[in-house]
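A quick write-up on the structure given underneath.
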Amino acid sequence: MTPDGSAASATSRSSASVPEPARQSATVNGQDLAYLRWGTSGTPVICLHGFPDSAHTWDHLGPQLAAAGYQVIAPWLRGYAPSGPAANGRYTVPAATGDILGLAQQLFGDQPVHVIGHDWGAAIAMTMALTAPEQLDRLVMVAIPHPGAVRPRPRTLWGARHFAAFQARRRTVRRYRRDPEAFLRRIYKRWSPNWAPGLADLKPVLDSVAVDYTIPCSLSYYW
């Protein structure tokens, strides 16, 4: 998946300070999920991150939505610490969709939710809408369009070349582990050339990949 510049800049945490969210956790069908939460009442909003990112993608949007009267949760996807590795060993959009639908049911019951997804999170959000439309009220997809809107042009294929590159699994994992910060900066420079992240912007992802299982698990979504 390829973030765009506007979505990447939304992760910036180097400007004005924002309220600290509550970090909570749940177990859904045997899968341990950690999530950030802003607000405790109002229409629920679920915000889903992509690769390489974390629930802190939403550190600015979360408190703004909470201030507007929504309750917001932002999970770490399965395999992204502090969420646990996949209980069933699967890192696929359908598997992650089951996690989020289960979490929504556990936290909000049958109340429909708004879902905002970026990158892999957008693919998960769209799959939620297809498999359980009654659980969704509104859907927002960031950076990733509906597959029906994609035309297989050379530019599109070139932009998605990392899907092929990441198939060299062991090499990609080694490169990422060798210097996670350099790996992240190369990816962000290519995908979001107008964004210059500071170390504070990268820290949430670096904290996640410092947990041994995160790098291979997060890359497994491409395999």
Side-chain angles (χ1 to χ4, degrees), residues 1-4 6-11 13 21-29 31-39 43-66 70-86 90-108 111-147 187 191-192 204-205 208-209 214 217-222:
M1 302 289 177
T2 53
D4 67 3
S6 61
S9 64
T11 66
R13 283 164 284 276
R23 185 167 128 183
Q24 300 174 344
S25 62
T27 300
V28 180
N29 299 324
Q31 175 65 50
D32 294 329
L33 295 174
Y35 58 94
L36 301 178
R37 186 166 197 158
W38 295 268
T43 302
V45 181
I46 300 178
C47 298
L48 303 172
H49 70 83
F51 174 88
D53 221 324
S54 79
H56 287 284
T57 295
W58 311 103
D59 273 357
H60 284 290
L61 183 61
Q64 291 181 48
L65 290 174
Y70 298 92
Q71 53 178 321
V72 184
I73 66 165
W76 280 266
L77 300 181
R78 58 167 54 198
Y80 287 77
S83 284
R90 297 178 61 212
Y91 298 94
T92 63
V93 168
T97 298
D99 295 342
I100 306 306
L101 286 172
L103 182 63
Q105 185 69 33
Q106 188 175 129
L107 295 178
F108 309 119
Q111 182 178 7
V113 301
H114 301 315
V115 182
I116 304 171
H118 172 235
D119 189 63
W120 282 118
I124 294 165
M126 181 181 63
T127 307
M128 292 173 66
L130 292 172
T131 57
E134 71 283 353
Q135 284 198 245
L136 270 68
D137 190 337
R138 295 289 187 275
L139 168 64
V140 178
M141 297 172 64
V142 182
I144 303 303
H146 188 284
I187 288 177
W191 289 347
S192 304
V205 183
S208 181
V209 301
T214 295
C217 290
S218 62
L219 285 166
S220 291
Y221 284 82
Y222 291 93

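The structure displayed is predicted, hence computed values, not measured ones. One-based numbering along the sequence shown. FYI, side chains are in, hydrogens and waters are out, and symmetry mates aren't considered; it's all heavy atoms of this structure.
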Would you tabulate the side-chain donor-acceptor contacts of residues 127-138 under 3.5 Å, counting partners in other chains and residues two or more places apart, or write 'none'?
from, atom 1, to, atom 2, distance (Å)
T127, OG1, A123, O, 2.8
T131, OG1, T127, O, 2.8

> Of the non-hydrogen atoms in P75 and H49, which two are nearest, and what is the gap between them?
Replying inline: O-CD2, 3.2 Å

> Which atom pair, heavy atoms only, marks the closest approach of V72 to G62?
Replying inline: CG2-O, 3.8 Å

> Do you know the tightest heavy-atom contact between A55 and A74?
Replying inline: CB-O, 3.1 Å

>> Please find the pair of heavy atoms, one from G98 and one from V28, that lie closest to each other, and give the distance.
In response: O-CG1, 4.5 Å

> Tell me, which pairs form a salt bridge (Lys or Arg N to Asp or Glu O under 4.0 Å) where one or both residues lie in residues 98-108, sequence neighbours left out?
Replying inline: R78-D99

> If you round to the nearest 0.5 Å, how far is CG of L48 from CG of D119?
Replying inline: 11.0 Å

> Mind checking what makes side-chain hydrogen bond (donor to acceptor under 3.5 Å, both in side chains) contact with Y80, not counting sequence neighbours?
Replying inline: none

> So, the side chain of S83 versus the backbone of A34: is there a donor-acceptor pair under 3.5 Å, distance only?
Replying inline: yes

>> Rounded at 0.5 Å granularity, tell me how far CH2 in W120 sits from CG in L77.
In response: 10.5 Å

>> Let me confirm one number: the CD1-SG distance from I100 to C47, rounded to the nearest 0.5 Å.
In response: 11.0 Å

>> Nearest 0.5 Å, please: how far is CD1 in I46 from CD in Q71?
In response: 10.0 Å

> So how far is it from I116 CD1 to L61 CG, rounded to the nearest 0.5 Å?
Replying inline: 5.0 Å

> Quick one: side-chain contact (heavy atoms from CB on, under 4.5 Å) partners of T92, sequence neighbours excluded?
Replying inline: R90, P94, A95

>> Measuring only between side-chain heavy atoms, which start at C-beta, is V113 closer than 4.5 Å to F108?
In response: yes

> What residues, two or more places apart in sequence or in another chain, satisfy side-chain contact (heavy atoms from CB on, under 4.5 Å) together with A81?
Replying inline: S208, V211, Y213, T214

> Taking all atoms of both residues into account, what is the closest heavy-atom pair of H114 and Y70, and its distance?
Replying inline: CD2-CE2, 3.7 Å

>> With heavy-atom distances below 4.5 Å as the criterion, would you say the side chains of I124 and V115 are in contact?
In response: no

>> Apply side chain to side chain contact (heavy atoms under 4.5 Å, CB included) to residues W38 and V45 and explain how you reach the verdict.
In response: CA-CA 10 Å; W38 295 268; V45 181; over 6 Å; no

> Which atom names give the shortest non-hydrogen contact between P44 and Q111, and what distance separates them?
Replying inline: CD-NE2, 3.3 Å

>> Main chain of T27, side chain of Q106: is a donor-acceptor contact present, judged purely on distance under 3.5 Å?
In response: yes

>> Quick check for you: to the nearest 0.5 Å, what is the distance between S218 atom OG and W76 atom CH2?
In response: 14.5 Å

>> Going by the rule side-chain hydrogen bond (donor to acceptor under 3.5 Å, both in side chains), which residues pair with Q24 if we only count those two or more places apart in sequence or in a different chain?
In response: Y35

> Between L107 and R37, is any pair of side-chain heavy atoms under 4.5 Å apart?
Replying inline: yes

